[in-house]
Amino acid sequence: MTTNENKFQEIISHAKEYGFVFPSSEIYDGLSAVYDYGPYGSELKKNIRDYWWRWMTQMNENIVGIDAAIFMHPTTWKASGHVDNFSDPMIDNKDSNKRYRVDHIIEGLADTLRSEGKETEADKLLAEMDALLAAEDFAGLKDLIYTRNIKCSVSNTCNWTDVRQFNLMFSTEIGSVAEEADKIYLRPETAQGIFVNFLNVQKTARMKIPFGIAQTGKAFRNEIVARQFIFRMREFEQMEMQFFIRPGTQKEWYEYWKEARLQWHLSLGVKPEKYRYHDHVKLAHYADAALDIEYEFPFGFKEVEGIHSRTDFDLKNHQLYSGKKMQYFDNEINQNYIPYVIETSIGLDRMFLLILSESYAEEKWTKEDGTADSRVVMRIPAKIAPLKLAILPLTKKDGLPDIAKELMNQCKPFFRCFYEEKDTIGKRYRRMDAIGTPYCVTIDHQTKEDQTVTIRYRDSMQQERIPMSQVRELVQANML
RNA sequence: GCGGAAGUAGCUCAAUUGGUAGAGCGAUAGCCUUCCAAGCUAUAGGUCGCGAGUUCGAGACUCGUCUUCCGCUCCA
């Protein structure tokens, strides 16, 4: 465990030192739990996003993409249930100025009762609380806290404020005059942008059920605690796909996407034993089945992607709130219905962290002359590596840089290349290992005679001589 | 949010009892022309996280504050 924690620290340091991830606004001491992606990080993130996008849309003829706005009509979030469910009643103690979730302090009392053997009393208390929460009876909740004499653990007093709703959605005002009616939210999930466009997409792209709509984009949640580097951030990017299906077929499609999405992860060469499914016991308000695909991060198994069977909850509610029919006419069975939905939702930032965790390695070995040698290598899969190819003239004399630049010009329209003539060749290889460049090509004096170059492979450190004319094809062949 | 720890150059760390802020690595430029880091020369880079206080004098002591990490908490 200790070594894993160290490894996590090393990954974070490495990410900063080599231009993958910086703390946001670092010159102002940073902004808590907000991060910026650097030169190599932004490339890697883009490549992960593109790889997902191609796999979802290009490789599935029945899935199309959209790019919806972050701002949405306020009613969207009433229909989706976020206004009611994405928030928790809170209460503040006036003496200590501490804020608590109401259900937590009441559950705390129930636990105390249980530990005193008063099981039935504890159950009765929780039942009472659930009824009040369901009825949104905030005054009743406050009474409950007072009559049970629940005290603040800091000030040890009962001097409470009223119970208030604390929303986990970020809000802002649209328009230059701040009025209640103009209050809008930053989307807490990208999914709703897909649901409200269901009819537009289905009609314009002439989609037939079953079909999917994919989208990537930023979402915002005002988490009480955001931690663990880029794992839990208040601003994050999702890659989501909503798959619309005939009601009653949700079980089989749920199973299908559960398996298909794991295959996507494995296609990046991640070891299968690092993944596991985690079925949700407590289901969210919209779901009739849900699971997480978890990855073993240095800090334990954590969710990377969620597969949710969302039923017709979202479309049905948008139909209710908007008054627009969110229906599909199915020719095969000659019926109108509101489609059911299977959602696959993956956190791009989490996937990024997964790739860093999986790729980062420190290697040590003994050289032929008996001295120790080592390197830090990022074994990032070639298809998503920030740089694909480094082109290195062995020396900067004898016209070698000219040949190298010629190869550079041949390759750079097709993939990201990097040119470097500074320092010894070994040092340049190490630098490329540290940012995960899968291929290095060296131009030497022999190149001038027979047009061959040395290609060096990052993972094996093996090298071989190939004709310079084959470099582009070789790299491209390994990018898919 | 609570508790604990930490913050000095890009990184890792020094600086005696409170007395002029240093090294290695890295970076940049040049030399060398070398197929797996750590050869030579030079240069740049720091209001010691920030703000007060004590003191003739603070990187060091005191208080506050910010940030990060760990644990708890939270987590659609």
Side-chain angles (χ1 to χ4, degrees), chain A residues 1-2 5-6 8-10 12-14 16-19 22-34 80-82 85-88 90 92-93 96-101 103-105 108 152-154 166 168-169 188-189 191 219 221-229 231-232 234 238 280 282-287 290 292 299 302-303 306 308 310 343 345 347 363 365 367-368 371-377 392-398 400 421-434 440-446 453-458 460-465:
Chain A
M1 193 60 190
T2 312
E5 276 165 21
N6 289 344
F8 188 43
Q9 291 312 312
E10 282 160 16
I12 294 170
S13 301
H14 190 85
K16 191 194 159 194
E17 193 164 353
Y18 287 91
F22 309 126
S24 171
S25 319
E26 199 185 7
I27 61 168
Y28 294 109
D29 279 335
L31 184 60
S32 187
V34 184
S80 70
H82 283 83
N85 293 287
F86 213 72
S87 56
D88 297 298
M90 311 285 282
D92 294 6
N93 185 277
S96 61
N97 281 325
K98 298 301 172 208
R99 176 171 294 164
Y100 299 89
R101 269 181 64 169
D103 54 339
H104 286 166
I105 57 171
C152 167
S153 58
V154 176
F166 181 80
L168 289 168
M169 287 193 287
E189 63 174 23
R221 290 180 196 172
N222 201 1
E223 304 276 359
I224 294 168
V225 177
R227 281 258 188 92
Q228 279 166 322
F229 193 40
F231 185 79
R232 177 168 293 113
R234 296 195 171 96
Q238 292 185 309
H280 286 204
K282 210 174 91 184
L283 294 172
H285 61 276
Y286 52 73
D292 296 336
F299 45 89
K302 298 282 178 184
E303 176 188 358
H308 301 124
R310 294 182 79 124
E343 168 188 78
S345 174
E363 296 180 350
W365 65 92
K367 286 194 285 195
E368 284 177 15
T371 58
D373 205 351
S374 68
R375 67 168 179 165
V376 171
V377 56
L392 316 169
L394 193 60
T395 81
K396 27 180 156 171
K397 286 182 179 167
D398 306 324
L400 299 186
E421 58 182 41
K422 174 80 180 159
D423 292 320
T424 61
I425 193 69
K427 206 166 191 170
R428 282 179 273 171
Y429 285 157
R430 286 297 186 285
R431 275 201 280 260
M432 288 300 109
D433 287 342
C440 292
V441 155
T442 305
I443 282 82
D444 60 14
H445 294 92
Q446 196 184 326
V453 296
T454 306
I455 187 162
R456 180 259 194 190
Y457 302 100
R458 176 194 67 199
S460 64
M461 296 175 75
Q462 297 297 308
Q463 40 192 34
E464 58 181 322
R465 267 205 107 78

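Just so we're on the same page: letters track the sequence lines, and every chain starts at 1. Both backbone and side-chain heavy atoms feed into the values below; hydrogens, waters and symmetry mates do not.
Side-chain to base pairing of R375(A) with rC36(B): no donor and acceptor N or O lie closer than 3.5 Å to each other. The base of rC11(B) lies outside donor-acceptor range of the side chain of E17(A), with no N or O pair under 3.5 Å.
In this structure, of rC69(B), rC35(B), rA37(B), it is rC69(B) that holds the atom nearest to the side chain of Q9(A). Distance from the side chain of F8(A) is smallest for rC70(B) among the nucleotides rC35(B), rC70(B), rC36(B). The side chain of S374(A) approaches rA37(B) more closely than any other nucleotide in the set rC70(B), rG10(B), rA37(B). Of the candidates rA76(B), rU33(B), rC35(B), the closest approach to any side-chain atom of Y429(A) belongs to rC35(B). Comparing rC36(B), rU33(B), rA76(B) against the side chain of R430(A) picks out rC36(B) as the nearest.
For R428(A), no side-chain nitrogen or oxygen approaches OP1 or OP2 of rC35(B) to under 4.0 Å. At rA27(B), none of the side-chain N or O atoms of K422(A) fall inside 4.0 Å of OP1 or OP2 (strictly under the cut-off). For K16(A) and rC11(B), the shortest distance from a side-chain N or O to OP1 or OP2 is below 4.0 Å.
Pair assignment for rU62(B): rA52(B), on the basis of Watson-Crick or G-U wobble contacts that are both within less than 3.5 Å. Both distances falling under 3.5 Å, in either a Watson-Crick or a G-U wobble arrangement, place rC40(B) opposite rG30(B). Base-pair partner of rU67(B): rA6(B) (Watson-Crick or G-U wobble, both distances under 3.5 Å). Using the Watson-Crick or G-U wobble rule with both distances under 3.5 Å, rC72(B) pairs with rG1(B). Across all strands shown, rU12(B) is found opposite rA23(B) as a Watson-Crick or G-U wobble partner, with both distances under 3.5 Å. Within the shown strands, nothing qualifies as a pairing partner of rG57(B) under the Watson-Crick or G-U definition with both distances less than 3.5 Å. Using N1 to N3 plus N6-O4 or O6-N4 for Watson-Crick, or N1-O2 and O6-N3 for G-U wobble, each under 3.5 Å, rG18(B) pairs with nothing.
Residue L394(A) is in base contact, counting any heavy-atom pair closer than 4.0 Å across all strands shown. When heavy atoms are screened at a 4.0 angstrom cut-off, D398(A) is found touching no nucleic acid atom at all. Using a 4.0 Å heavy-atom distance criterion, D433(A) is classed as making no nucleic acid contact.
Across the C1' atoms, rA14(B) and rC31(B) are found 32 Å apart, a figure rounded to whole Å. The C1' atoms of rG49(B) and rC66(B) are separated by 7 Å, rounded to the nearest whole Å. Comparing the P positions of rA52(B) and rG26(B) gives a spacing of 39 Å, expressed to the nearest Å. A distance of about 11 Å separates the C1' atoms of rA15(B) and rC48(B), rounded to the whole Å. Spacing of P atoms, rG51(B) relative to rA9(B), comes out at 16 Å, to the nearest Å. Comparing the same atom, P, in rU17(B) and in rU41(B) gives a spacing of 35 Å after rounding to whole Å. Rounded to a whole angstrom, the distance from the P atom of rG10(B) to that of rG45(B) is 11 Å. Taking the P atoms as reference points, rC11(B) lies 16 Å from rU68(B), given to the whole Å.
Atom NE2 of H14(A) and atom P of rU12(B) are 14 Å apart (whole Å). Put simply, CG on D423(A) is 13 Å from P on rC31(B), counting in whole angstrom units. Between the CD atom of Q446(A) and the C1' atom of rC35(B) there is a distance of 12 Å, given to the nearest Å. Taking atom NZ on K397(A) and atom P on rG30(B), their separation rounds to 12 Å, with Å as the unit. rA76(B) atom P lies 13 Å from atom CZ of R310(A), rounded to whole Å. We find that CD of E303(A) is positioned 17 Å from P of rC74(B), with the value rounded to whole Å. E10(A) has its CD atom 16 Å from the P atom of rC69(B), to the nearest Å. Protein atom NZ of K396(A) is 9 Å distant from nucleotide atom C1' of rA29(B), rounded to whole Å.
In this structure a side-chain-to-backbone donor-acceptor pair under 3.5 Å is missing from R456(A) to Q463(A).
A residue-by-residue look at H308(A) and G426(A) shows that G426(A) has its nearest nucleotide of RNA chain B further toward the 5' end. For the pair T454(A) and I12(A), both in contact range of RNA chain B, the more 5′-proximal nearest nucleotide belongs to T454(A).
Using a 4.5 Å cut-off on side-chain heavy atoms (C-beta onward), R221(A) and E189(A) make contact. Residues Y18(A) and R431(A) have side chains not in contact (no heavy-atom distance under 4.5 Å, counting atoms from C-beta outward).
The nearest pair of heavy atoms linking E464(A) to Y457(A) is OE2-OH, 2.5 Å. Here the closest non-hydrogen pair linking G306(A) and D292(A) is CA-OD1, 4.2 Å.
The distance from the CG atom of L392(A) to the CD1 atom of I425(A) is 4.5 Å, given to the nearest 0.5 Å. From T395(A), atom OG1 reaches atom CD1 of I443(A) across 11.0 Å, with rounding to the nearest 0.5 Å. Here Y429(A) contributes atom OH and D433(A) contributes atom CG; the two are 10.0 Å apart, rounded to the nearest 0.5 Å.
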